[in-house]
Amino acid sequence: MSSTVILGIESSCDDTSAAVIVDGILKSNVIASQAVHEEYGGVVPELASRAHQQNIVPVVDAAIKRAGITRMDISAVAFTRGPGLIGSLLVGTSFAKGLSLGLRIPMVDVNHLHGHVLSHFVREQENDPVPEFPFLCLLISGGNSQIIMVKSPGDMEILGRTIDDAAGEAFDKCAKVMGLPYPGGPHIDRLAAEGDPKRFHFAKPHIPGLDYSFSGLKTSFLYTLRDGLKSNPNFIEENKADLAASLQQTIIDILLEKLRKAVEQTGVRTVAIGGGVSANSGVRKAVADYCGANGLKAFIPARKFTTDNAAMIAMAGYFKYQAGEFCRYDEVPFARTTI
Ligand code: KG4
């Protein structure tokens with residue numbers, strides 16, 4: 001029997017990535033991160049599209065070579081169709097269409113959010129553990145904070161979502177007012193390791209159900225800085241570790257409160273986390289501790305699979321390929337969509 005070889009392409013934001021999965025096992029995952037945005041304090045969409053155009057051919061080429069395959073071995077090309085920056089998505093989508101036509105292979109469109117959830121099925125070794133369905137996935141990134149009930153690779157239900165900022169935005173925006181570089185999440189994580197998480201108290205939301213809100217925390221953080229700076233111009237510098245630790249702890253408390261509620265309401269015994277914020281040391285530990293204390297199975301992704309990568313897109317594509325769900329050539333990318 002011949003192998004199923006999926007080439008995955010991810011270009012939704014500021015990482016150009018390509019990966020190869022052979023019979024469900026990851027063979028290569030190449031990521032070119034775009035440094036061009038650092039000096040602007042955020043992703044500049046037009047610059048992102050141009051960088052994708054420059055990166056996509058060498059990145060795909062490297063992924064094919066590292067996997068030890070040739071173009072002729074590829075069974076299907078899977079690509080991120082959305083959500084994301086439309087110009088960036090167009091680069092990956094157009095490339096996938098060209099490759100599909102040129103090689104006469106099917107193409108599979110992937111919802112980026114499905115990719116994050118299904119990243120838990122990316123195996124580097126045959127016996128790497130994967131979650132059983134159903135499981136709950138806390139998807140936390142720069143654009144999303146959601147609790148998802150995952151019933152199968154193609155059947156996911158959002159139980160709760162943020163009504164304003166995402167957890168990653170809370171990290172990034174608070175880091176920005178502290179004068180930290182973009183993206184601020186990893187800097188807060190690093191500083192928090194040295195600080196006192198109980199030193200400062202920031203507002204927590206009181207909203208019903210399983211939805212999240214982070215905008216009140218952001219305002220409360222800003223007021224703490226403003227008040228501190230009134231009496232001490234060096235307030236941020238002298239307290240940066242405690243500010244970071246207290247901010248991180250508040251975000252963890254907010255995330256865990258609703259996650260706990262979701263577990264109680266659904267009775268589901270397996271919990272996974274995904275998205276850029278799932279790289280945060282405090283979040284990883286809090287989820288692992290909570291699951292450990294309650295006899296739940298926890299799936300905490302390796303850090304390289306938390307941020308945008310094509311391995312998860314190839315994985316989601318592999319599931320759709322097996323189900324015979326292909327994409328037509330007249331389909332276009334979508335900037336906004338949900339699960
Ligand atoms: O999933 P992702 O790479 O991109 C999308 O939003 O699609 O997530 C990026 C977010 C940024 O807000 C970034 O600050 C955050 O993930 N992030 C972190 C950490 N690493 C990345 N936040 C907290 N701690 C980290 N270690």
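Because only heavy atoms are used, hydrogens play no part in the values below, and waters and symmetry mates are left out as well, while side chains stay in. Ligands are counted one by one from 1 in listed order, and the atoms in each one are counted from 1 as well.
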Residues forming a salt bridge (Lys or Arg N to Asp or Glu O under 4.0 Å) with Lys198, sequence neighbours excluded: none

Using the test salt bridge (Lys or Arg N to Asp or Glu O under 4.0 Å), find all partners of Glu39 that sit at least two apart in sequence or belong to another chain. none

For Tyr212, which of Leu255, Asp164, Ile163 qualifies under side-chain contact (heavy atoms from CB on, under 4.5 Å)? Leu255

Any donor-acceptor pair under 3.5 Å linking the side chain of Asp23 with the backbone of Ser3? no

Under the side-chain hydrogen bond (donor to acceptor under 3.5 Å, both in side chains) test, which residues partner Ser33, sequence neighbours left out? Asp15

For ligand 1, would you mind listing the residues that have at least one heavy atom less than 4.0 Å away, ordered by chain and number? His116, Ser141, Gly142, Gly143, Gly168, Phe171, Asp172, Pro183, Gly185, Pro186, Asp189, Gly275, Gly276, Val277, Ala279, Asn280, Thr307, Asp308

Would you confirm whether His114, through its side chain, and Gly317, through its main-chain N or O, come within 3.5 Å as a donor-acceptor pair? no

